[in-house]
Amino acid sequence: MSTEIKTVEGITKESTQAMINEVLELYPEKGKKKRAAHLAPNDQASGSACVKSNKKTVPGVMSARGCAYAGAKGVVWGPIRDMVHVSHGPVGCGWYSWGTRRNLMSGITGVNSFPMQFTSDFQEKDVVYGGDKKLATLLQEAKDLFPLAKGISVLSECPVGLIGDDINQVAKVASKELDIPVIPCNCEGFRGVSQSLGHHISNDTIRDYIIETREFPEPVGPYDIALIGEYNIGGDAWSTKPLLEECGFNVKAVWTGDGEMDRIAATHQVKLNVIHCYRSMNYMCKVMEEKYGIPWIELNFFGPTKIRESLRKLAELFDDSIKEKVEAVIAKYDPQMQAIIEEYKPRLDGKKVMLYVGGLRPRHTINAYEDLGMTCVGSGYEFAHTDDYDRTASEMPDATVVYDDASEIEMEHFAHILKPDLIGSGIKEKYLFQKMAIPFRQMHSWDYSGPYHGYKGFPIFARDIDMAVNSPTWKLVEAPF
Amino acid sequence: MSTEIKTVEGITKESTQAMINEVLELYPEKGKKKRAAHLAPNDQASGSACVKSNKKTVPGVMSARGCAYAGAKGVVWGPIRDMVHVSHGPVGCGWYSWGTRRNLMSGITGVNSFPMQFTSDFQEKDVVYGGDKKLATLLQEAKDLFPLAKGISVLSECPVGLIGDDINQVAKVASKELDIPVIPCNCEGFRGVSQSLGHHISNDTIRDYIIETREFPEPVGPYDIALIGEYNIGGDAWSTKPLLEECGFNVKAVWTGDGEMDRIAATHQVKLNVIHCYRSMNYMCKVMEEKYGIPWIELNFFGPTKIRESLRKLAELFDDSIKEKVEAVIAKYDPQMQAIIEEYKPRLDGKKVMLYVGGLRPRHTINAYEDLGMTCVGSGYEFAHTDDYDRTASEMPDATVVYDDASEIEMEHFAHILKPDLIGSGIKEKYLFQKMAIPFRQMHSWDYSGPYHGYKGFPIFARDIDMAVNSPTWKLVEAPF
Amino acid sequence: MANNLGLKVKPVTEIPEAEVNRVAAWINTEEYKEKNFARQALVINPAHACQPLGAELAAHGFEGSLPFVHGSQGCASYYRSTLNRHFREPAPAVSDAMTEDGAVFGGQNNLHEGLENSYKLYKPKMISVFTSCMPEIIGDDLTAFIKNARIKGFVPNDLPIPYANTPSFNGSHIHGYDAMLLAILQTLTQGKKVEGRCTGKLNLLPGFDANTGNIREYKRILEAFGIPYTVLADISDVFDSPNDGTYRPYPGGTKLEDAADSVNGKVTLALGTYSTAKTYGWLKDNYSGKHASIPMPFGIAKTDAFLLKLSELTGKPIPASLKEERGHAVDLLTDAHQYIHGKKFAVYGDPDYLLGLVSFLLEVGAKPTHVLCSKGTKKLEKELQALLDSSPFGKEGKVYVNKDLWHLRSLVMTEPVDAIIGDTHGKFAARDAKVPLFRFGFPIFDRVNLHREPLIGYQGVMNMMSTICNKFIDVVDETCDDRQFEMMR
Amino acid sequence: MANNLGLKVKPVTEIPEAEVNRVAAWINTEEYKEKNFARQALVINPAHACQPLGAELAAHGFEGSLPFVHGSQGCASYYRSTLNRHFREPAPAVSDAMTEDGAVFGGQNNLHEGLENSYKLYKPKMISVFTSCMPEIIGDDLTAFIKNARIKGFVPNDLPIPYANTPSFNGSHIHGYDAMLLAILQTLTQGKKVEGRCTGKLNLLPGFDANTGNIREYKRILEAFGIPYTVLADISDVFDSPNDGTYRPYPGGTKLEDAADSVNGKVTLALGTYSTAKTYGWLKDNYSGKHASIPMPFGIAKTDAFLLKLSELTGKPIPASLKEERGHAVDLLTDAHQYIHGKKFAVYGDPDYLLGLVSFLLEVGAKPTHVLCSKGTKKLEKELQALLDSSPFGKEGKVYVNKDLWHLRSLVMTEPVDAIIGDTHGKFAARDAKVPLFRFGFPIFDRVNLHREPLIGYQGVMNMMSTICNKFIDVVDETCDDRQFEMMR
């Protein structure tokens, strides 16, 4: 990690704090007080969080946050391709999360891959009389219609928890009757303060119901690893998995992008867990470390600088054979990445970017922008915890603004003041900022592009950022009359 | 042929003549006199023409006719797929006739099939100084760029003949130098009164430059025939050629739909010429009869009744082996055609159709409509001759109107009086009648459908006619307000 | 631990390719279809969302109205994202972010804090409150809560705060739309009815319709008639706002005073009898003037009926410009009928859209073969069947109510069609069936600008007809043999 | 006999498949391209027609005007068919059916008989005469012939009979349009100029443009400004006439009195400097008021310039509705830029269209790579090059003037692009290159209704942008692997 203190011309802790104070003035007293703790200038040298996080969203602000169900269905479970994931409750939750996270999947839809929207479509009567019986029936139907499904996850929506259904019991019975794992996941949306608890609950459920239920038939090898917290957004895993393989590793399981239940269930057999999205899956790494003694390492696959650093850090844990392969890989790809930088940097150098994403990219992508000559002038997370902000401090330039669970009005205000050349955030923010003629990329979904991870991803990332920043359409916004 | 006299309720010779007289009243005296001879009620029993034909178009009327070049390029030469056909003169003629007749072709475009628009694109200087030198150059260029072309036709447009170029000499020299046939065709648009002369000139050119220049390598067989006057509109030849083959014949050449120069050039070796479009190719049949003793027979491949009649007529000329095959073919297809009739006739029975097409279909399709229960209440040709009208008399119901080189105002008037349920004519007439809410099918081009010939064609014909007549869109024309 | 489910530990296995292929073939069979249609509990790929989504759309349709979700912030994020993706526009809305404590203490604190913050931050002229599951289940008393909020001064007394109960476990987005619209109109018109007063205006209720082009088209038609109007609710400027470099959270919507005065309207016309059923039922008894509820004007005949109804209700003649436009549309239909005649369609969508689309297809000679609504009633089923029965082109058509898109997949795989009409969610069935999908519905997540292209009225007829016919011609051009590849079509 | 050409009799042969494959591969090579570009005499697949076609289009644009071809009837049939196919509308026009005798005796008799018949039969208010090749070569004196026709009483003295020499061996359809338009305006305005009189109107010359939607769009824009106008010539109602069951040979067009009075106009604005060059050159010296000739308003910048010019010339402010429309168009461009950014296009067409299309592509970040005009001038080449040079997105672009679509084929096969923009004739090159063809040109023989969809103005920007982007997304959806087939795009 760089220890050099990065600064941005015109940005000081005082200027940032003044900007924050301005926006806080918009709030009523109570709201102001609550929000104040979540907004602060970065103290790069400190290496620790400058804001509070993982607190309840302030009612009545325009928050970008989702819920526990979203974290469970959209993030952790949904990407496992060979399971049927039932959104248990009313129709909406499953419908909204159907196809709207870009965790791509192999396989044949409805045969051995299930990116569909399965729901128990609760009606009034299910709320009144309970949905357990319906659940039992639908599990049988799912098994009948999708005989190759490796398992079924049951993801509870709000009413299920509120009316006191016992899905755990239904799942247990069904598992035996249908002879496939039926995993109950009590991820009702009202639980916790954001998606984050959904990740945690899902991790716990994997711990309780999945892991150690399968074993690899082949013997365990020294380079057997699992790739954790890689969701294959826009095909990311199809970049990172082959990259790790090129470095000499056997990637036995991916959690959970394009994931396979059996492999996830046998992950207790690997030698190392490589984690990318720390926020959503650090729980499991820790569980596996404690329970099976599997070490874990946190990597960053965005941009050649971080990829290089990460691969070498990884190689350090292995023998010379791996080290040689890693150096060969770096030697092979670095010139290609340099060519990309030479193509795009002249058009992006000195441009400013503001980030506001989920639980990983607000820090992990900063250096990728820097590889292109850009500077991050603000960053923040929807659902991060203190450990995420700790890790963010050193990545961000000193004194730039950090925002936790930012509300739209805060982002809008910061953008007015900072005048970034690009904002990287989500769909709910996109059109707001585009109306302000600020180039924008969705950084949850790669804006329907990707992959952005690994060496395959960086050229696409660079092209997309250039496209956003330098599209001539922005010049058309202001009319000559 | 049917000898029964067909009548149409409400139509008498007197009523038809009265209708004709009304429309003639619209003309100035001279025009009226000229047109009067071209409009008459049919005398079915007579079996002979009731109108004059093949005369100059009256200036200033809206005629549907084309020119000699159109007859040469569009009809006779254009469909020969493996030759380069050069529209020699200004850019327009070739451009208008590019892809606008649906003589479909096999092969790879620009490699061994040439449905492109080749032109010398005359400029002022070519008109002033002559185009022979340009022609010589372009022939060389065509040979260089299209080495697999079997030959090149040079189709003169008006200026070429008027400025006195000698394309025949250029072609002769080029043929030797390039070692491929270069066929000069003096089909300037000002020659003759319609497309018809273009057919004739082209036939003569085939006679003079093509036929007898190739020989089939295999020995001549007793069932070797040529299919003449079949242009493969919408794939017609791909229906009729296999049909004749199913009947036991070897179709050695098709003139000229999806045609091959070599095979056309060796047609003097066949045992019989089967002609479909009599108007455009009877000349060649007669030449081949005179010169090589090849008999010819005129057939009609529209609708099961006429197909059946035609095949039996054809079989009469051959031995029992052919007769048996023909009967087998009829026995195979007749029930299929009957099923088609049963499907569509209930919706088409008693409907009236008016026809105005080129040189064949105004008589050849009448019975196909009758197969569907429809009645022809008027018919006429753009460019027919007396022998065509002779052949038409017996096909049309008695006393129905016959029009030669009809002008739009005549057609419009007849349609107002006769109120047909369908008009079958060309693109120039189509939208006029559709504005009158009269269903319409283009009967030159099968309205981008087809084939209509043979047993493959009839189901498509029936479907299309039903679609046109019974489209619910016609009912929408009249507003309820 | 590993055996929490009581299952044995097994080896990691790969499904043999032959088995995958067998099942891949099996799911396309008649046998599978039967099994699929026998489902009682499992719903797969439903083509409808939940009530609050529709409520939010209605809430956006009024000037300065801030949609306010009483419930989890996750719900609000889902609704907003859906609208963002469909319109490619901002959809500013808030929630009061209820969490577990809500289950224990109720949501009043959240609501109050939410109202206070959102009023101060976003300066709305109206806060339109609707509920997601949680408060519906715990039984929050919104009437009391909001009254208390005013008493405690979180919001001014005169700020309109309509609220609607929009439980997700009941109905679909169209019902939430209806409920919110009703609440807004009840709130805004309260005490505004003036004996003898007549605005002279026509109130037009477009119902749940996420096509801004349709709303603009209604307005254009009314303007052609010279009929003064109030659209209830007008989402057109809200979800089709210009990009001029300035972000405006409330770029349009029905003016609140117009909505308030709508109770004194001359005429009130609801389009689409399903998605404004409740609202219409109420205003019919409460609004001045004449009232009517007619089907959405899809296709020529229903557009004719719409114009005739406008003329009848207002006494104004049908303008020449619309008569001419009708002629243009009919001209296109007659010119292009051969590209659509006899083509079979699977159609699904919301009830009012379905009735319109089927009507359009029948009048151009296409065959609506599978007509499916994933949330409908017996009444709808009958109405659709009667529509099919009214035309020879409906003979082969079957109606499926409360069936989903996995049922639809079975239908199109066993009884093939030439195309599907629906929304973006139909793309998987369309891909499997190898036919085009026409996105005449909601939501559209994968194409641009389609929500600006009207489907209703004569203009809509032209848009649908050229989109469909040109796509069919595209398919011919892209899939035909070389020897069938032609200049003309 | 058989050896008229002096060639030997040979056996019927089939070309070996290997040889066919070799040549099929060869025609896609750089080597072939060079050979192809070395052509001096042979023209293959030119993208332009001859003058009289354009003349007929201009002639149709006036009320009661009957286009009259002095020449062979075959020529007239070709022009009419072309217009029928493109517009899917009637195109009533006559010819005087000259034949061989014409070469000997000249065409006067035909002209006279033709005028007499057509005047009586079709009751035109004006007969607009133009020539095809034959009379041009034999040197018919139209001035004298028409004068004689009046003297002999074949046509009334007061019937306007403008005539234009439109030789096919010179220029293209746009020049014939220009010539006929000029002749009509000269004829109709003769003696109509009144000192001090001002109609207060703007004369708008759309030039050769077979998109009726464009003409309607100009009118809509002028109406939004509140500028009274005369379109010279107005083909919109002529080639987009309603179907109401009645056939009308003259369903629209510029009123003759308006055309006559146009000489006293306040402002005259020609759009497209190439297809009205002669007409503009003349009227600039002969018409009252202000004059300007500017590029066709394709794309945002050129539409801005058009509106500014309108405002400057008339003193009227740019209306708010158009400013808002601009915002809608820009909104679409920013929302959808990612689907077109960096995409390479081959573009061909008429000069004025080309300038507009290239301008539009550059401003959305697309790369016009091959820019081709099969009938153009050095001036055009320079102007196109300057346009490319004005943007980083034009860097890789090359301009080809007087090259044809067989050249274009070589270009797209050796230097691939993502799409072609042109007319229906480009479909063969597009198929070989396996890329979409966008039919923003003339003629369109194989799709329906496209001539009704405007390409100019902000509305045109939206139409082009959504057509292009949605087609590119279609291609992704239709060609991607299963695992890349996604809900959102």
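Quick caveat, the model's predicted, so the values are computed rather than measured. Each chain gets a letter, A, B and so on, in the order its sequence line appears, and its residues count up from 1.
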Inset, instruction - Select one option (side chain, backbone, both, neither) describing which atoms of A:Ile438 are under 4.5 Å from chain C's heavy atoms. - result: neither
Inset, instruction - Between chain A and each of C:Cys50, C:Cys75, C:Ala38, count heavy-atom pairs under 4.5 Å; write down the option with the most. - result: C:Cys50
Legend entry - side chain to side chain contact (heavy atoms under 4.5 Å, CB included), paired with C:Phe169, selected from A:Val127, A:Asp121, A:Val91, A:Val128: A:Val127
Inset, instruction - Mind telling me whether C:Tyr32 and A:Phe146 have parallel, tilted or perpendicular rings, with 30° and 60° as the class edges? - result: perpendicular
Inset, instruction - Please work out which of the three classes, parallel, tilted or perpendicular, describes the rings of C:Tyr78 and A:Tyr69, given edges at 30° and 60°. - result: perpendicular
Inset, instruction - Tell me, for A:Asp179 versus chain C, whether the close heavy atoms (under 4.5 Å) come from the side chain, the backbone, both or neither. - result: both
Legend entry - Per-residue contact mode, A:Ala70 against chain C (heavy atom under 4.5 angstrom): both
Legend entry - Residues C:Glu14 and A:Arg263 bridged, charged N to O under 4.0 Å: yes
Inset, instruction - Select, from C:Ser118, C:Ala49, C:Ala47, C:Ser72, the one with the greatest count of heavy-atom pairs under 4.5 Å involving chain A. - result: C:Ala49
Inset, instruction - Report the option among C:Pro249, C:Gly74, C:Ala97 that has the most heavy-atom pairs separated by less than 4.5 Å from atoms of chain A. - result: C:Gly74
Inset, instruction - Using non-hydrogen atoms and a 4.5 Å limit, figure out which bit of A:Lys34 sits close to chain C: side chain, backbone, both or neither. - result: side chain
Legend entry - Selection from C:Thr246, C:Ile44, C:Thr82, C:Asn45 maximising heavy-atom pairs under 4.5 Å formed with chain A: C:Asn45
Legend entry - Proximity breakdown for A:Gln140 and chain C, heavy-atom pairs closer than 4.5 Å: neither
Inset, instruction - Give a yes or no on whether a salt bridge exists between C:Glu113 and A:Lys30, defined as a side-chain N under 4.0 angstrom from a carboxylate O. - result: yes
Legend entry - Heavy-atom pairs under 4.5 Å with chain A, option from C:Arg85, C:Gln40, C:Lys35 with the top count: C:Arg85
Legend entry - Non-hydrogen side-chain atoms of C:Arg80 and A:Met62 separated by less than 4.5 Å: yes
Inset, instruction - Count the heavy-atom pairs under 4.5 Å between each of C:Ser95, C:Gly171, C:Ala103, C:Ser132 and chain A, then report the option with the highest count. - result: C:Ser95
Legend entry - Region of A:Val182 in contact with chain C, defined by heavy-atom distances below 4.5 Å: backbone
Legend entry - Candidate list A:Lys435, A:Lys430, A:Lys428, test salt bridge (Lys or Arg N to Asp or Glu O under 4.0 Å), partner C:Glu89, passing option: A:Lys435
Inset, instruction - Return the option, out of A:Pro159, A:Gly94, A:Gly161, with the maximum number of heavy-atom pairs under 4.5 Å with chain C. - result: A:Pro159
Inset, instruction - Under 4.5 Å heavy-atom distance to chain C, tell me which part of A:Glu382 shows up: side chain, backbone, both or neither. - result: neither
Inset, instruction - Run the numbers on C:Leu405 and A:Gln117 for side chain to side chain contact (heavy atoms under 4.5 Å, CB included), then give the verdict. - result: CA-CA 10 Å; C:Leu405 300 188; A:Gln117 126 80 326; over 6 Å; no
Legend entry - chain C contact via A:Glu478 - which portion, at a heavy-atom distance below 4.5 Å: neither
Inset, instruction - Work out which heavy atom in A:Asp144 is nearest to a heavy atom in C:Trp26; give both atom names and the distance. - result: O-CH2, 3.5 Å
Inset, instruction - Please state whether the side chain, the backbone, both or neither of A:Pro147 comes within less than 4.5 Å of a heavy atom of chain C. - result: side chain
Inset, instruction - With a 4.5 angstrom heavy-atom cut-off, could you sort out which part of A:Val84 is near chain C: side chain, backbone, both or neither? - result: neither
Legend entry - Check: A:Glu124/C:Asn170 side-chain N/O donor and acceptor closer than 3.5 Å: yes
Inset, instruction - Check each atom of A:Glu260 against the heavy atoms of chain C and say whether the ones under 4.5 Å are side chain, backbone, both or neither. - result: side chain
Legend entry - Contact origin within A:Ile409 toward chain C - heavy atom pairs under 4.5 Å: both
